[in-house]
Amino acid sequence: MGLTIADTYYLKAKAASGYDWDEVCESLNYALSYDENHCAALCLLGKVYAANLNQYEKAFDCFDKVITIDSYYLGVYPIYVKYLIWVDEIERANKLIAFALTLKGISKGNLFWLSAYALETKEAYKDALKFLKKAKKHSYNDDYFSFIGDEENRIKKKLKLDKSKVKKKKKK
């Protein structure tokens, strides 16, 4: 079994993303014209809508379509959750994380990091640190482990900022 035409155009779009938006758009259009249910192409289209055009509802429609087509397409969940957090749809993001954690083969470390990210946006830094600890336990390479460590350090700095505010209030 070889690559389909839709796969080939998706790979062209993915390779061009970040530097040649004409190629990305053209290749995605071709991929989806050959297979309108191509999950990877729909995910990339959703990313383009969210990250580049700030059209979150269109992005969410793409991600929802992927989940409808194949709820076991693992690549959709981290992307979808990240953009839900960006638009402050934390409750919806948490529900999606809870479901995604039940799927075999999903990157639990990444989902725990996203949980921490969601908590950080709500200034629940101590809870975020707990999820980062879980993310570390589910990281299986040094680069990701270091990334999580950097995230912990940033959140600890935010905790110190909160503590310094409390000390200033007590002094007054």
Side-chain angles (χ1 to χ4, degrees), residues 13-14 17-18 24 28 39-172:
K14 185 177 177 185
S17 63
V24 171
L28 276 177
C39 292
L42 286 166
C43 279
L44 184 55
L45 181 59
K47 284 174 73 171
V48 170
Y49 277 132
N52 302 97
L53 301 173
N54 295 322
Q55 295 180 7
Y56 295 101
E57 288 308 313
K58 285 185 178 183
F60 298 160
D61 289 344
C62 289
F63 302 142
D64 287 335
K65 185 174 180 179
V66 170
I67 293 169
T68 301
I69 294 165
D70 182 1
S71 62
Y72 292 98
Y73 184 78
L74 304 179
V76 71
Y77 296 101
I79 298 165
Y80 197 175
V81 168
K82 180 174 86 173
Y83 294 123
L84 285 170
I85 293 168
W86 280 19
V87 296
D88 204 30
E89 293 271 352
I90 306 302
E91 188 174 321
R92 198 168 151 195
N94 286 332
K95 287 179 182 178
L96 196 57
I97 289 169
F99 173 75
L101 283 168
T102 67
L103 300 174
K104 288 184 180 182
I106 194 100
S107 171
K108 290 183 179 181
N110 197 14
L111 293 174
F112 289 135
W113 168 72
L114 287 164
S115 295
Y117 181 35
L119 288 163
E120 180 184 3
T121 65
K122 297 300 179 188
E123 298 184 12
Y125 303 128
K126 289 181 181 180
D127 292 332
L129 288 171
K130 291 175 187 174
F131 275 97
L132 289 176
K133 185 176 181 180
K134 286 183 177 184
K136 274 186 167 179
K137 288 181 179 180
H138 290 277
S139 68
Y140 302 105
N141 67 61
D142 288 334
D143 289 339
Y144 195 72
F145 195 86
S146 295
F147 167 73
I148 298 298
D150 292 343
E151 295 288 286
E152 282 179 323
N153 291 336
R154 188 187 70 252
I155 291 174
K156 286 176 184 176
K157 288 176 188 175
K158 288 183 177 185
L159 269 173
K160 286 180 184 177
L161 289 173
D162 283 352
K163 288 178 183 176
S164 66
K165 286 180 187 177
V166 171
K167 287 179 185 177
K168 286 180 183 178
K169 285 181 182 178
K170 285 182 181 178
K171 286 181 182 179
K172 288 181 181 179

Item checked: Worked check of side chain to side chain contact (heavy atoms under 4.5 Å, CB included) between K65 and D61 -> CA-CA 6 Å; K65 185 174 180 179; D61 289 344; over 6 Å; no
Spacing of [X] atom [atom1] and [Y] atom [atom2] [to the nearest 0.5 Å]:
X    : Y    : atom1 : atom2 : result
E91  : N94  : CD    : CG    : 8.0 Å
I155 : D150 : CD1   : CG    : 11.5 Å
C43  : Y77  : SG    : OH    : 9.5 Å
L96  : L84  : CG    : CG    : 6.5 Å
Y125 : L119 : OH    : CG    : 11.0 Å
L161 : K156 : CG    : NZ    : 15.0 Å

Margin query: Out of the candidates D64, L114, V66, I85, only one should pair with Y80 under the side chain to side chain contact (heavy atoms under 4.5 Å, CB included) rule; please name it.
Written below: D64
Notebook entry, point to check: Run the side chain to side chain contact (heavy atoms under 4.5 Å, CB included) check on F60 and V87 step by step: do they pass?
Noted result: CA-CA 11 Å; F60 298 160; V87 296; 3.7 Å; yes
Under 3.5 Å, which donor-acceptor pairs do the side chains of residues 129-137 form with other protein atoms, sequence neighbours left out?
| from | atom 1 | to | atom 2 | distance (Å) |
| --- | --- | --- | --- | --- |
| K136 | NZ | E152 | OE1 | 2.7 |

Next item on the list: For the residue pair Y56 and W86, categorise the inter-ring angle as parallel (less than 30°), tilted (30 to 60°) or perpendicular (more than 60°).
Entry: perpendicular
Check: So, for W113 and Y144, is the gap between ring centers shorter than 6.0 Å?
Finding: no
Note to self: Please find the pair of heavy atoms, one from K47 and one from F63, that lie closest to each other, and give the distance.
What the structure shows: N-CZ, 3.8 Å
Next item on the list: Determine the minimum heavy-atom distance between A13 and L28, stating which atoms define it.
Entry: CB-CG, 3.8 Å
Note to self: Which residues pass the side-chain hydrogen bond (donor to acceptor under 3.5 Å, both in side chains) test with K158, not counting sequence neighbours?
What the structure shows: E120
Notebook entry, point to check: Just wondering, are more than 12 heavy atoms of other shown residues or ligands nearer than 6.0 Å to CG in D142?
Noted result: no
Item checked: Note, V24 side chain near N52 side chain (heavy atom, < 4.5 Å) -> no
Margin query: Side chains of I79 and Y83, heavy atoms from C-beta outward: is any pair under 4.5 Å?
Written below: yes
Determine all donor-acceptor pairs shorter than 3.5 Å in which one atom belongs to a side chain in residues 97-111; sequence neighbours excluded.
| from | atom 1 | to | atom 2 | distance (Å) |
| --- | --- | --- | --- | --- |
| T102 | OG1 | F99 | O | 2.5 |
| S107 | OG | N110 | N | 3.3 |

